[in-house]
Amino acid sequence: MAQWDELYESASWGDEVAAFELAMGHASGSGGLAVDLVKAHCWFNVAAARGYEPAAAWRSEIASEMTARQVSDAQKLARATLSAGMKRAA
């Protein structure tokens, strides 16, 4: 679990690759993470917003497997995550 804790920390501070790796973990359920498409979509969104181009394609891919409500929840979570990161950087 320490691996994921480190990735969460790095992603929270703006590391777009860490955000992408978290998204992949949540999308696939690898490394002991439960499959959670809302969290995966959120972290793909965060990675894409920070300039990690492959994240946008993956976000679109998993969105096709989600309900509209799940996508909406993921977008809200991503906005909150990005906003919190901006406050830390200030």
Side-chain angles (χ1 to χ4, degrees):
M1 218 40 169
Q3 165 198 359
W4 298 116
D5 292 341
E6 291 174 21
L7 284 174
Y8 276 113
E9 180 75 17
S10 295
S12 295
W13 284 100
D15 184 337
E16 68 277 3
V17 175
F20 182 79
E21 289 180 22
L22 282 172
M24 293 297 286
H26 283 295
S28 66
S30 64
L33 287 179
V35 172
D36 186 330
L37 296 184
V38 171
K39 287 182 182 178
H41 190 285
C42 166
W43 286 112
F44 282 133
N45 227 345
V46 169
R50 292 180 176 154
Y52 195 75
E53 292 181 22
W58 282 95
R59 179 186 58 208
S60 295
E61 179 73 26
I62 67 162
S64 68
E65 300 174 26
M66 299 168 67
T67 66
R69 176 62 183 214
Q70 287 175 312
V71 171
S72 176
D73 289 347
Q75 290 171 336
K76 288 177 190 172
L77 187 58
R79 282 192 296 274
T81 301
L82 288 165
S83 178
M86 292 173 81
K87 288 178 185 172
R88 279 192 202 103

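Just so you know, residue 1 is the first one in the sequence shown, and it goes up from there. Treat the numbers as computed from the prediction; the structure is a model and nothing was measured.
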Checklist entry - V46, M66: one ILVMFWY side-chain cluster at the under-4.5 Å cut-off? => result no

Checklist entry - Is L7 reachable from L82 through a run of I, L, V, M, F, W or Y residues, each pair having side-chain heavy atoms under 4.5 Å apart? => result yes

Checklist entry - Side chains of S12 and T81: closer than 4.5 Å at any heavy-atom pair? => result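 SC-SC contact between S12 and T81 ruled out.
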
Next on the checklist: Side chains of Y52 and P54, heavy atoms from C-beta outward: is any pair under 4.5 Å?
Outcome noted: yes

Item to check | CZ on F20 to CH2 on W43, rounded to 0.5 Å | outcome: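 CZ of F20 is found 14.0 Å from CH2 of W43.
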
Checklist entry - How many angstroms lie between atom CG of L22 and atom CZ of F44, to the nearest 0.5 angstrom? => result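 L22 CG to F44 CZ: 10.0 Å, rounded to 0.5 Å.
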
Next on the checklist: Per the salt bridge (Lys or Arg N to Asp or Glu O under 4.0 Å) rule, what does the pair list look like for residues 9-33, sequence neighbours excluded?
Outcome noted: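 Counting only pairs at least two positions apart or across chains, no salt bridge (Lys or Arg N to Asp or Glu O under 4.0 Å) contact touches residues 9-33.
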
Next on the checklist: Does anything in residues 56-66 form a salt bridge (Lys or Arg N to Asp or Glu O under 4.0 Å)? List the pairs, not counting sequence neighbours.
Outcome noted: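 Matches after skipping sequence neighbours: none remain.
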
Donor-acceptor list for residues 28-37 side chains, cut-off 3.5 Å, not counting sequence neighbours:
{"residue": "S28", "atom": "OG", "partner": "M24", "partner atom": "O", "Å": "2.8"}
{"residue": "S28", "atom": "OG", "partner": "S30", "partner atom": "N", "Å": "3.3"}
{"residue": "S28", "atom": "OG", "partner": "S30", "partner atom": "OG", "Å": "3.2"}
{"residue": "D36", "atom": "OD1", "partner": "V38", "partner atom": "N", "Å": "3.1"}
{"residue": "D36", "atom": "OD1", "partner": "K39", "partner atom": "N", "Å": "3.1"}

Side-chain donor/acceptor pairs under 3.5 Å, residues 69-80, sequence neighbours excluded:
{"residue": "R69", "atom": "NE", "partner": "D73", "partner atom": "OD1", "Å": "3.3"}
{"residue": "Q70", "atom": "OE1", "partner": "T67", "partner atom": "N", "Å": "2.8"}
{"residue": "Q70", "atom": "OE1", "partner": "T67", "partner atom": "OG1", "Å": "3.4"}

Next on the checklist: Run the side-chain hydrogen bond (donor to acceptor under 3.5 Å, both in side chains) test against H26 and tell me which residues pass, sequence neighbours left out.
Outcome noted: Y8

Item to check | Shortest non-hydrogen contact between A55 and A48, atoms and distance | outcome: CB-N, 3.6 Å

Checklist entry - Hey, is the main chain of A19 close enough, under 3.5 Å, to the side chain of R50 for a donor-acceptor pair? => result no

